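Below, all heavy atoms of this structure are taken into account, side chains as well, without hydrogens, waters or symmetry copies. Computed from a prediction, not measured in an experiment: that's the story for all the values here. A note on names: the letters A, B, ... follow the listed sequences, proteins ahead of strands, and every chain is numbered from 1.
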Amino acid sequence: MNKPQRYAPKDVERKWQRAWEEAGIAKAEEGSDRPKFYVLEMFPYPSGRIHMGHVRNYTLGDVLARYKRAQGFNVLHPMGWDAFGMPAENAAMDKGVHPKTWTYENIAHMKGQLKRLGFSLDWSREFATCDPEYYRHEQAMFLDFMDAGLVERKKSLVNWDPVDQTVLANEQVIDGRGWRSGALVEKRELDQWFLKITHYAEDLLKGLDELENWPEKVKVMQRNWIGRSEGARFTFRLVDEQDREWPEPLPVFTTRPDTLFGASFVAVSPDHPITKKFAEENPEVAAFVRECAALGTSEEAIEKAEKKGIRLPLYAVHPFKPDVKLPVYAANFVLMTYGEGAIFGCPAHDQRDLDFARKYDLPVIPVVCPKDTPPDKCEIGDEALTDSERDDLVMINSEWMNGLTPKQAKEAAIAKLEELGIGERQVNYRLRDWGVSRQRYWGCPIPIIHCPECGVVKVPKQDLPVTLPEDVTFDAAGNPLERHPTWKHVKCPQCGADATRETDTFDTFIDSSWYYARFCSPRAEEPVDLDKAKYWMPVDQYIGGIEHAILHLLYSRFFARAMKDTGHLHLKEPFAALFTQGMVVHETYKTESGAWVEPALVERRADGLFHRETGEKVIAGPVEKMSKSKKNVIDPEAIVEKYGADTARWFILSDSPPERDIEWTEAGVEGAARFVQRVWRMIDDIASIAAPADISAEVGPDALALRQAAHRALAEVTKDIEGLRFNRAIARIHELVNAMGEAQRKAGDAPASDMAFALREAAELLVRMFAPMMPHLAEECWQRLGHEGLLAQAPWPEPEPALLKQDTVKMAVQVNGKRRAEIEVAKDAPKEEIEKLALEQEAVQRAVGGKPVRRVIVVPGRIVNIVV
RNA sequence: GCGGGCGUGGCGGAAUUGGUAGACGCAGCGGACUUAAAAUCCGCGGGCCCUAGCGCCGUGGGGGUUCAAGUCCCCCCGCCCGCACCA
């Protein structure tokens with residue numbers, strides 16, 4: 001046998017990548033009548049370099065894309081760039097690079113990295129969201145959304161960074177300070193654009209039930225986020241301390257109208273108009289409002305804040321008992337943004353109300369009581385009785401509702417409120433409208449002009465896109481669009497008067513809320529070519545990180561609905577199946593002085609870990625998500641350089657199921673690299689054996705066993721890929737390679753013709769089944785095996801049914817549930833025969849020990865259990 | 001607090017509908033080859049025991065259902081994630 005050459009991934013991979021590109025293997029076919037499969041991974045932000053999370057994400061998608069292609073599907077597997085966002089502006093401020101330059105350079109670099117990983121992406125459909133050619137459609141759709149009543153402009157409180165002169169997202173406020181400037185963040189009221197996602201609250205909630213191939217976890221998170229609750233809205237009559245009627249009645253929302261007879265106070269939000277009114281004339285109320293506002297910024301403060309309130313000189317008249325007047329408070333735990341910003345307090349049956357009542361010495365009147373407790377014994381201590389669904393509860397102290405269950409009482413109370421004409425049944429949602437205005441440069445300009453005469457005017461569609469000016473500066477705080485000398489000064493398209501452009505840009509989440517649809521027709525004159533979308537949409541498999549469980553995925557579902565209602569799309573649910581992959585994690589390292597050390601600088605010696613350069617002792621810390629701050633980052637480019645793309649792909653698919661976190665280890669990668677070499681040697685070896693093209697001669701037992709192993713592995717791997725269980729598929733492939741190695745060894749240098757055939761057949765099947773995971777190695781092996789043409793274009797093999805059938809099966813024999821022997825029987829052997837054979841076993845006889853056999857359970861193909 | 005998930009060797013993880021627990025990989029140990037090393041190949045590998053067996057125990061803990069439980073039911077413990085004053 002000639003000495004096999006080491007497989008050299010670097011040259012080989014480049015060669016096949018070029019071949020694939022020339023053959024256009026990844027190009028989705030237009031106008032095809034084949035069934036389609038749209039596999040999409042969340043597109044990356046072009047931060048500069050790809051990271052291991054990308055490698056995992058895109059490898060998962062690529063395996064599926066290649067597999068589906070081989071299965072005969074017309075596969076759409078596109079890639080683009082989520083290219084607007086803050087880091088580009090930060091780079092501009094830090095390094096003086098223009099955001100556009102920075103972004104497009106990053107894209108070019110990362111595209112090269114993705115290509116070197118061998119992902120079969122249809123690059124002809126590529127776009128970046130910062131291309132005017134992309135965002136002009138976003139602007140056009142926004143105008144259509146306006147016409148459809150899905151856009152609103154209103155004042156809203158924002159986090160304002162006084163140093164950077166910009167609005168911050170909640171996530172960018174850390175302990176009340178701006179994450180970049182460190183300045184104390186202020187609440188400011190600004191005019192903002194909103195998309196009315198609440199219009200679809202019910203539909204977004206209901207739609208979740210249809211998404212069978214979404215993780216339950218994500219659906220639950222979205223359900224909670226939408227936060228539907230059923231209850232009643234009604235109004236209190238208010239009177240002042242002189243018993244004079246207050247001009248405006250006070251609306252409140254409650255989910256517990258059944259507990260109305262237990263009400264002992266009414267509370268409004270510190271931001272409520274009533275509170276504000278009293279704050280104007282009463283300094284104590286004003287102080288209280290300020291105190292609450294100050295507390296509002298830090299999340300921890302909210303968590304631990306004590307229930308606090310201040311009396312307002314008002315009383316609320318109980319709707320069912322006109323002679324009862326409830327004191328009105330402004331209270332810190334009542335949110336202006338939910339419901340009506342006002343509540344009635346029923347201390348006996350709500351924990352917050354109870355805490356509040358104990359503090360201010362308000363009555364606690366139980367109105368719900370367990371059936372078996374006498375009403376006069378029903379007392380509330382420090383814990384409110386909040387249950388209302390239990391059937392063993394009855395209403396007490398509630399006049400005409402006494403004796404009803406809380407459930408019945410809810411209905412009765414609502415009916416009464418309706419009869420009195422002061423309230424009705426209402427459904428409330430936690431979901432708020434989506435504020436999309438950002439005071440930033442590097443985003444999609446909002447296509448609006450403010451005219452002193454005409455007010456808000458839409459930019460006419462023929463004037464789109466409103467493009468970003470490129471001659472901007474980043475040397476001052478604030479929005480560069482705001483201070484640009486000319487950009488914002490325009491004539492009103494309606495009356496021609498001097499007017500100003502909207503200088504806010506869109507939240508970048510808008511960009512990613514419809515890109516999946518654009519990929520169907522990336523160069524269309526319309527946002528989406530409906531004919532194309534009708535073929536390609538929905539995305540059959542969407543893959544990405546769990547961190548987008550709510551925002552991106554909910555916004556996308558909203559956008560699809562809004563697009564449908566404005567004629568830009570034909571369906572409501574863009575992603576038929578969702579897969580959320582786990583993170584790539586790595587051990588962390590620190591020196592004894594506490595400095596983080598990157599893995600590349602850690603040297604493993606017999607007596608511990610040491611810093612490669614300084615020689616310091618290094619301590620291994622917990623395994624955590626790769627992050628720059630902890631320096632536990634492995635650069636994919638270095639891995640590809642050292643081991644090749646296939647090794648990286650193989651390792652990241654091995655061991656851990658894709659939905660779980662995977663630990664990146666040097667040893668693991670080495671193992672994957674060894675496997676690549678082993679496979680190559682084996683294929684090279686088998687390729688040099690002359691094998692018959694057909695097998696008409698007698699097949700011996702060894703050859704048959706190998707054939708069966710290969711075909712079974714194929715069947716298993718096919719199932720596993722189909723179910724995205726790539727770690728299992730890989731285990732099956734390892735098993736086949738082990739079996740082949742054994743057969744090879746047994747057969748020696750000159751195998752008989754039946755074995756030669758079996759080896760070659762196994763080799764070909766092996767190569768074809770790992771091809772989606774290690775496509776370069778597969779092509780090289782395919783060629784070595786004498787094939788012409790690309791494996792990437794070959795169909796998926798099918799196992800021969802005859803070889804999947806087993807003639808005999810091994811069955812365990814248990815006595816009283818304990819395994820005592822194993823028998824081999826014909827697969828279709830009758831139960832009686834199996835039973836007889838089992839009882840004949842020596843070990844079984846010993847275990848039975850002459851005791852009478854009470855029962856024998858035979859599960860054909862699985863087990864025999866003898867009960868004595 | 002509410003909701004979701006998880007708990008299996010030294011580690012990552014397999015295990016069909018309840019049917020031989022620990023597939024496969026990593027690390028480890030032993031051996032072959034070699035002057036030596038690397039590479040490669042082969043083998044071993046849950047725990048316990050002065051009883052080494054035809055033994056006993058074993059999937060976070062306790063109980064239950066069953067001929068049979070990692071898997072189903074009840075209770076408890078621990079960990080991870082999400083939401084959190086939502087009336």
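Under the rule for a ring pair (Phe, Tyr, Trp, His ring centres under 6.0 Å), the partners of A:Y555 that lie at least two apart in sequence or sit in another chain are A:W434, A:F509. Scored by the side chain to side chain contact (heavy atoms under 4.5 Å, CB included) test, A:E722 finds A:Y67, A:K68, A:Q71 as partners (sequence neighbours excluded). For the ring pair (Phe, Tyr, Trp, His ring centres under 6.0 Å) test, residues two or more places apart in sequence or in another chain that qualify with A:H548 are A:H552. A search for ring pair (Phe, Tyr, Trp, His ring centres under 6.0 Å) contacts involving A:Y360 returns A:Y329, A:F356, not counting sequence neighbours.
Residue contacts for A:T255: at a heavy-atom cut-off of 4.0 Å it reaches the sugar-phosphate backbone alone, with no base atom in range. Contact annotation for A:R228: no contact, since no heavy-atom pair falls under 4.0 Å across all strands. Counting any heavy atom pair closer than 4.0 Å across all strands shown, A:G227 reaches no nucleic acid atom. Residue A:T337 is out of contact with every strand shown, counting any heavy-atom pair closer than 4.0 Å. Here A:V334 lies in heavy-atom contact (under 4.0 Å) with a base.
Note on residues 345-360 of chain A: pairs passing salt bridge (charged side-chain N to carboxylate O under 4.0 Å, His left out), not counting sequence neighbours, are A:E306-A:K359, A:D350-A:R352. For residues 660-669 of chain A, the pairs satisfying salt bridge (charged side-chain N to carboxylate O under 4.0 Å, His left out) are A:K642-A:E666, with sequence neighbours left out. Pairs engaging residues 578-589 of chain A under the salt bridge (charged side-chain N to carboxylate O under 4.0 Å, His left out) rule: A:E587-A:R604 [sequence neighbours left out]. Residue pairs meeting the salt bridge (charged side-chain N to carboxylate O under 4.0 Å, His left out) criterion with at least one member in residues 332-347 of chain A, sequence neighbours excluded: A:R233-A:E340.
Atom CG in A:D685 sits roughly 12 Å away from atom P in B:C41 (whole-Å rounding). At whole-Å resolution of the value, CZ in A:F675 and P in B:G12 are 22 Å apart. Straight-line distance from the NE2 atom of A:H586 to the P atom of B:G12: 16 Å, rounded to whole Å.
Checking A:E670 against A:E742, the closest nucleotide of RNA chain B that is more toward the 5' end is the one next to A:E670.
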Under 3.5 Å, N/O pairs linking protein and nucleotides 18-24 of chain B:
from, atom 1, to, atom 2, distance (Å)
B:U20, O2, A:R819, NE, 2.6
B:U20, O2, A:R819, NH2, 3.3
B:U20, N3, A:E822, OE1, 2.9
B:A23, O2', A:E735, OE2, 2.2
B:A23, N3, A:R732, NH2, 3.3

Close N or O pairs between protein and nucleotides 55-59 of chain B (under 3.5 Å):
from, atom 1, to, atom 2, distance (Å)
B:G55, OP1, A:R820, NH1, 2.9
B:C57, OP2, A:K818, NZ, 3.4

So which protein nitrogen or oxygen atoms get under 3.5 Å of nucleotides 3-7 of chain B's nitrogens or oxygens?
none

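Classification of A:R223 and A:E216 as a salt-bridged pair holds, one side-chain N sitting under 4.0 Å from a carboxylate O.
Glycosidic conformation, B:G9: syn, with the torsion inside 90° of 0.
The strand RNA chain B forms stems, runs of 3 or more Watson-Crick or G-U wobble pairs with distances below 3.5 Å, at B:1-7 with B:77-83, B:10-12 with B:24-26, B:28-32 with B:40-44, B:46-48 with B:55-57, B:60-64 with B:72-76.
In this structure, the nucleotide among B:U40, B:C86, B:C85 sitting nearest to the side chain of A:F333 is B:C85.
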